Protein chains: 2
Amino acid sequence: MPNSPIPGAVCDETEHRPHTHIKRADGIIQDTATLFSALGDIERLRLMELLFDGPHCVSELAEETQSSMSLISQRLKILNQAKLLKRERKGKHIYYSLADKHIVDLLSNAFEHADEIDE
Amino acid sequence: MPNSPIPGAVCDETEHRPHTHIKRADGIIQDTATLFSALGDIERLRLMELLFDGPHCVSELAEETQSSMSLISQRLKILNQAKLLKRERKGKHIYYSLADKHIVDLLSNAFEHADEIDE
DNA sequence: TAAACACTTTAACAAACATTAAACTGTTTA
DNA sequence: TAAACAGTTTAATGTTTGTTAAAGTGTTTA
């Protein structure tokens, strides 16, 4: 038996079997990494959690998280650049909210996962 | 009209309206941030993309990404600590694969989102 | 139009992170 | 049991990141 049977991934003793891969475009992978990276900070994730319950302006978020507006603004900038948020000015205030349903689902899914494997 | 009507989030001129929030446990938020943070690096995300198509051992991943085994091992460690992977030794080799369907869904969803907003 | 308000940007700095190279651990084969 | 193989860990280094404080922008009210 020169080489082992089917299974998608088995190392031959001397060389590896080629796998069939769905190769995504580099830009997509980079954008996705940027998205995850933006969510990968506990303070920014807390902002997302607040925005989960509806739009907020910067000063509301600052108040609710006991942080300076400067800090909130910088965190929102990172989330916004990762295309996770919508922005809308209303008079003096600028309201932020989750970009779309994809983002809502992504967050729900991740929180749910963390909750389940909470050994 | 002393204060404006319903909408979940409107700043009063002088003070903010309390919002009703679904507050998740701190541990859940922290675990979720760790998960996102692990995925928030393009090289680790590439590993996840490869594992999307089935289990791989460390040397296969090293070969397919043109990286040293040491580097792959360290990247896998971070993904594994974030509970994104399963690990199984078979003889000389250690096979890694995606932890569960949640993770598969999370990745699909994120890639899809990145693909859609690809203006 | 000047002052106040809401928010953003910049620069400086400390803390966290990714990579390299080398030493180390565990499993298998000779 | 010794050598080879597959993978992990450690320490050192340079880079990136998050925070603070201060200056700057745009909108609204007096």
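These figures come from a predicted structure and were not determined experimentally. Basis for what follows: all heavy atoms, side chains included, without hydrogens, waters or symmetry-related copies. Quick note on labels: first sequence line is chain A, next is B, and so on, each numbered from 1.
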So that I know where these two stand, are A:H93 and A:H56 an aromatic pair - ring centroids less than 6.0 Å apart? no
Output yes when at least one side-chain N/O atom of B:S59 is less than 4.0 Å from OP1 or OP2 of D:dG7, else no. yes
Does [Y] offer a backbone N or O that forms a donor-acceptor pair with the side chain of [X] under 3.5 Å?
X: A:D53; Y: B:I22; answer: yes
X: A:R44; Y: A:S37; answer: yes
X: B:E49; Y: A:R24; answer: yes
X: A:R89; Y: A:G91; answer: yes
X: A:S73; Y: A:M69; answer: no

In whole Å, what is the span from the [atom1] atom of [X] to the [atom2] atom of [N]?
X: B:L79; N: C:dA18; atom1: CG; atom2: P; result: 10 Å
X: B:Y95; N: C:dT27; atom1: OH; atom2: P; result: 16 Å
X: A:L76; N: D:dT19; atom1: CG; atom2: P; result: 13 Å
X: B:F36; N: C:dC17; atom1: CZ; atom2: P; result: 17 Å
X: B:N80; N: D:dT9; atom1: CG; atom2: P; result: 10 Å
X: B:M69; N: D:dA6; atom1: CE; atom2: P; result: 7 Å
X: B:I94; N: C:dT27; atom1: CD1; atom2: P; result: 9 Å
X: B:Q81; N: D:dT8; atom1: CD; atom2: C1'; result: 12 Å

Validation: residues 98-108 of chain B side-chain donor-acceptor distances under 3.5 Å, sequence neighbours left out:
unit_1, atom_1, unit_2, atom_2, d
B:D100, OD1, B:H102, N, 3.0
B:D100, OD1, B:I103, N, 3.2
B:K101, NZ, B:D105, OD1, 3.2
B:K101, NZ, B:D105, OD2, 3.1
B:H102, NE2, A:E112, OE2, 3.4
B:S108, OG, B:V104, O, 2.8

Can you name the atoms? Protein N/O to nucleotides 23-26 of chain D N/O, anything below 3.5 Å, with the distance.
none

Starting the side chain at C-beta, find the nucleotide from D:dA6, C:dC7, D:dT8 nearest to B:Y96. D:dT8
With nearest nucleotides of DNA chain D determined for B:R87 and A:G91 from heavy-atom distances, which residue corresponds to the more 5′ nucleotide? B:R87
For the NZ atom on A:K23, are there more than 12 heavy atoms of other groups (residues, nucleotides or ligands in this structure) within a distance under 6.0 Å? yes
Between A:R46 and A:D41, does any NZ, NE, NH1 or NH2 come within less than 4.0 Å of an OD or OE carboxylate oxygen? no
Under a 4.0 Å heavy-atom criterion, the protein footprint on nucleotides 10-18 of chain D, written with B, S and -, is B-------S
